[in-house]
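Below is one structure; the comments refer to it alone.
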Amino acid sequence: MDKRFHIAVIGSGPAGLSAAGRAAQYDQETAQSEPTHVLLEGFNTHAKTIFRYQKGKHVMAEPGFLTLRSPMQFEAGKREQILDSWAESLQALNINIAYNSEVARISGEKGDFRIALQNGSEVLAENVVLAIGFQGNPRRLGVEGDAESDFVMYQLDDPEEFKSETIVVVGAGDAAIENALGLSAHNLVYIVNRKAEFSRAKEGNLNAVLAAINDKKKSFYCKYETTVAGLELPAQAGATGAIILNTPEGEERIECHRIIARLGAIPPRSFVESCGVEFPNEKPDAIPDLDRHYESNVPGLYIIGALGGYPLIKQAMNQGHDVVEFIRGNEIKPADYPLLQKQFRLLPYAMDAEDVLDLYQKRVPMFRRMNALSFRELIIESNIMISLDGADYDEAARERDAALSEEGGKLTKLIKAGEYIYRDGEYSNSFYTLVEGTASVQLARGSEPQDLKAGQFFGEMSLISGRPRSGDAIAGSDCILIETPRRIMVKLMNSNDDVREGIDRVFIMRALQSAFSPSMSSEELGQLAAEVELKTFKAGELLYEQGSEGGYLDLIRSGTVVLVQQSHGTELVLSQLQSGDLVGQMALMGTPVRQDSAKAAVRVETIRLNKDQFLRLVGGEPQIIDSLQDSASALLTQSRAMASYPEGGRAINFLMGEGLGEATNALIIDEDLCVGCDNCEKACAETHAGISRLNRASGASYAGIHVPVSCRHCEHPHCMKDCPADAIHRSSGGEVFIDQSCIGCGNCETNCPYDVIKLSYEAPKKPGLLSWLFFGAGFGPGEPNNFEPDPQAKEKGKKAVKCDACMDQPAGPACVRACPTGAAVRLGPDQFGELVAGR
Amino acid sequence: MHQNILRFSNRRYLFVAVGVLLLSVVLYLSQAGGAQPPNGGTWQGYVLGTIGALLIVWLSLLGVRKRRYSSSLGTVQGWTSAHVYLGAALLVVATLHCAAQFGWNVHTLAYVLMAGVILSGFYGIYVYLHYPGRIAGNRLNQPRQAWLNELADVDEEALSAAADCGADVQSMVASAIELSRYGGGFFAQLSGKDYSMVHLPQAEGGGKPLPNVEQQEVIKRLAKRIPRSNKRSEAAALDELLTLFSRRQTILRLLRNDIRMQGLVKVWLFFHVPLTVALLAALLVHILSVFIYW
Ligand SMILES: Cc1cc2nc3c(=O)[nH]c(=O)nc-3n(C[C@H](O)[C@H](O)[C@H](O)COP(=O)(O)OP(=O)(O)OC[C@H]3O[C@@H](n4cnc5c(N)ncnc54)[C@H](O)[C@@H]3O)c2cc1C
Ligand code: HEM
Ligand code: SF4
Ligand code: SF4
């Protein structure tokens, strides 16, 4: 029988390496003759994810405030240095690593796990640490001989590496197309597509690949409706092999030097589920439930690193260290314990930080059933805020000021009792949970403030709609609040159904309250809130269609809806509605037949009420119906005004097509005024470290309105979605900006649908204006074209740059202020009507 | 929302300029019945001269403000609007200052330079107001780069279509593409004239390159050839070439217009700014000489 290991670590990324390293240290300390640990790695070298970074990438060590706790070294530096230092530690610590050992299945239970490898062998272990990251493994060709080799490759770093070869690229996605086109400059390329067309590709790639295939002079061929039937591996390195294809015309053999298969990655989820680990829901970004020891619902099976929801190297390494301690029964305090302590420091408790954490979790009904680890993360990422009065405040303020010079972590936030937590119209979108005391909150603009108590929360409106606050929130005396950034709440709502439902319920109640101000009791309202339907529409989908019978109305939660009318063969845009507005109420008040269609301009979420629910809400209350009818009439008048300028309506359609329905602050240029001097771009570069964040000449135009390539500060910024370093924020003025902690991973660049983020080195320093003017020194105003970064800038690596709407410029947006002709203005969607009027 | 330079802030600076003008006229008229005839040497003349000189200095500072990108001192559009109105008023102020006494001297030189700057400014404001709309209309909602890209695509398609025709067609197409012109030197840009050429093979009566204005030479030859072509594949390719060359004609014309109009919008600054520098120098000499020699 094989030997049984105490700990088997799966995956040798930063998390797994650190865990195995800690286990190896224990083996050395206790002078084991045989290792009691094993590290199983599917790839042929350690840390595949880091290995796959682009050559020479500068790896950053965020978050800076966290100290590293690991037997392995890690500090910011070049990819190569980091991989080398880990290789040394692997040796020095005598880590028992097995390469090419992809794990296929895990069965058994604590004390007796059986780990089956892809290559057929089996490993036994008492405890398993899963550290396989989030990248997933590439989908294989699925025929004999498809293991990764020089002949069969699942990744291509540099197409220039290969010349004068015959290369078969398998796959029809963007990666396959980009590789095939890149290779076709110097090689004979076949691209193998399982389907009859390239339906999954981006528009640009689609056009390029079709052009290449149709180009008779290019050695670029496509095999449609073709699958791979087999491989003939080359006899020796450097010789040609062959691929056998199943084409519609029968079997075909192509002799080739290399096969590049880009079939996408298999997300690790189904593998993890097959080990018995449960996920809270079906969302693709859901993370498994873990307790504070990183143990999953399968006892003895631990999950750490990116797979456990911690997307940075340092966090992953700390967890690797800690998990081994936990497995060995050492109740150490996690590395972030000092952070918690600091967050709670100004609170009037004598309790240990871990106990405060427990207490708070119990206080808020919505958080009670969360797993301890997620709650801990929520608190670490949040601010703890306390409101104090008089002498207490002064004392706490002194303590706060004394702590100013301390590095790392966040101190408890102080606020004077009676001060604003946020104000009406402000662009903040964090979420507040009361754990002690009261806060006085206006739930709608101009409404009576309400006193909320411990366990209740507020701020969910802006969280969900992405729009500015409507109404003020004021701190009571001695209240304690958890202020959670939007990003964390979004992640939590995606991974925890309790939290999502809790927030949705309250959101609906408050939204109905502010839209209809019904006089029903809050129980009745709660009842109704539980019954109504939440709907989501993709951009372009219809909420309802002209001519249909309507039995419902929608209250917009987020996004923009346009009302369009087909009339004598032309489409007229009647109006444009945003969160908080009602859509389709006419069908419940006037004629039931829809006079127009309601179209989602971007992703839209609504609360849908049917006629019965609507009648219950407005009941027999004539004044509610009166005011609804008044606003419906106002909408009708406005719609008619818009319809009388059909060109204006088309221009609105154009703006929506450009995605401006989700903008809050977009740069719009009037082509009838713009002289193309590019002073706007120069101003941007000059006020932003020499790099312009807008590209005036590119971008679409219609009816004299030009939408340059420049950030629109979206309601729900796509760019924020997967930023591992949490470097993208929204300021209270609404500006979406990137801070210093950017690690240059490029996720935001990919996620922004409007191409406005670029990765760039720092631009060289410039001489003063006068020395340029009089002595011709250096570059003049504006962004130097194709500048060569200096060595320090290269050392620092590229970072993401984007528009910050000049939040640091006292005078406001430089682009607009620098335009000599008045062509450049910045607008929000509520001004589009005025923009297109009379065009 | 969008307001042009003249309408900026309800023409606020028009009223300021009118105020300056009225003041100047009153000053000028108050010289009547004085010891001297109206001229730069009376106290009113000095005051008018000072106003004029200060205006000139301030007008020149637009070049500095335009490049102080963090400045919170008004917007560049506001400055430009004031610049235009006050710059125009300056013409009157300065004429009243010197009471239209001209001669062959540095004083008149300063006046002439100033008039030059102001006249170029009038031209500038004219193009600023009238050309942007035409430029945008000409570009048909696409940036110039998109047209350049399309031209490159069309060229490539034409070359590959020509590959199916005879060697003479191939060489004609290749040379027409190579000798197509848009932009070019200063005058070529501003005149928008088409200097495209085509070099025909010897047999076609070539030798020297022929003008290929609006691609007409090539289009004419292709059209002549299509009905006479006896291979079907060649006829199809020629047909395609004809379409492609019409497209090239359109794009090239559009690009030339774009470059011409963009050029006109910029070129006047090449007079306006150097003349300003010369004016400042002449103004200095004018003032010094007045103090030293009078
Ligand atoms: C382009 C890019 C740039 C980044 N830059 C930074 C940065 O500068 N700083 C930073 O802190 N973070 C950065 N990150 C994030 C960082 O890479 C991850 O957070 C980190 O790698 C996660 O570590 P991990 O150990 O959890 O997983 P991974 O590093 O993904 O390691 C997982 C390992 O498990 C192996 N494996 C997978 N499946 C199996 C299996 N079935 N059997 C056996 N082995 C398996 C894999 O081969 C791999 O070696 C970046 C990410 C990307 C994509
Ligand atoms: C003596 C009088 C004038 C002087 C000294 C003067 C000087 C200048 C200077 C230095 C600039 C800055 C150019 C640059 O840096 O790019 C400028 C720009 C300009 N001037 Fe004048 N100017 C004068 C009169 C006028 C008049 C009378 C008009 C119009 C009626 C005018 C219209 C303009 C315009 C439209 C600009 C361009 C603004 C821009 O694109 O930034 N100027 N002038
Ligand atoms: S960078 Fe892109 S996604 Fe982010 S706010 Fe700006 S436009 Fe929206
Ligand atoms: S500064 Fe104004 S006129 Fe100049 S390019 Fe920009 S928008 Fe056009």
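Within every chain, numbering begins at 1; the chains are lettered A, B, ... in the order of the sequence lines, protein sequences first and strands thereafter.
Annotation: B:Phe187, atom CZ; neighbour count of heavy atoms from other residues, nucleotides and ligands within 6.0 Å does not exceed 12. More than 12 heavy-atom neighbours from other residues, nucleotides or ligands sit within 6.0 angstrom of CG on B:Asn149. Within 6.0 Å of OH in B:Tyr182 there are 12 or fewer heavy atoms belonging to other residues, nucleotides or ligands.
To the nearest 0.5 Å, atom CG of residue A:Asp672 and atom NE2 of residue B:His130 are 11.5 Å apart. Put simply, CG on B:Asn141 and CD on A:Glu671 are 6.5 Å apart, with the number rounded to the nearest 0.5 Å. Here the straight-line distance linking atom CD of B:Gln77 with atom CG of A:Asn679 works out to 12.5 Å at 0.5 Å rounding. A distance of 8.0 Å separates SG of A:Cys677 from NZ of B:Lys266, quoted to the nearest 0.5 Å. Note: A:Thr821 OG1 to B:Gln3 CD = 12.0 Å, rounded to the nearest 0.5 Å. Between the CZ atom in A:Arg817 and the OG atom in B:Ser71 there is a gap of 6.5 Å [rounded to 0.5 Å].
For a residue to count as touching a neighbouring chain, one of its non-hydrogen atoms must lie under 4.5 Å from one of that chain's; by this rule B:Ile135 does not touch chain A. Only the side chain of B:Arg65 has a heavy atom closer than 4.5 Å to any heavy atom of chain A. Proximity to chain B (any heavy atom under 4.5 Å) is restricted, for A:Ala703, to the backbone atoms N, CA, C and O. Of the atoms belonging to B:Tyr131, not a single heavy atom falls under 4.5 Å from chain A. Contacts between A:Leu827 and chain B at a heavy-atom distance below 4.5 Å involve the side chain alone, from C-beta outward. Contact annotation for B:Leu73: only backbone heavy atoms (N, CA, C, O) come within less than 4.5 Å of a heavy atom of chain A.
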List the steps and the verdict of side chain to side chain contact (heavy atoms under 4.5 Å, CB included) for B:Gln145 and A:Ser698. CA-CA 8 Å; B:Gln145 191 56 45; A:Ser698 57; over 6 Å; no
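Looking at heavy atoms from C-beta onward, A:Pro820 lies in side-chain contact with B:Thr80 at the 4.5 angstrom threshold. Put simply, the side chain of A:Gln809 reaches to within 4.5 Å of the side chain of B:Ser70, judged on heavy atoms. Using a 4.5 Å heavy-atom cutoff, the side chains of B:Pro132 and A:Leu673 are not in contact.
With respect to chain A, the highest number of heavy-atom pairs below 4.5 Å among B:Val76, B:Asp153, B:Leu140, B:Leu269 belongs to B:Val76.
Smallest separation of non-hydrogen atoms from A:Val825 and B:His2: CG2-NE2, 3.2 Å. Across B:Pro143 and A:Ala697, no two heavy atoms sit closer than the pair CB-O, 3.2 Å. Scanning all heavy atoms of the two residues, the minimum distance from A:Ala814 to B:Tyr69 falls at CB-O, 4.0 Å.
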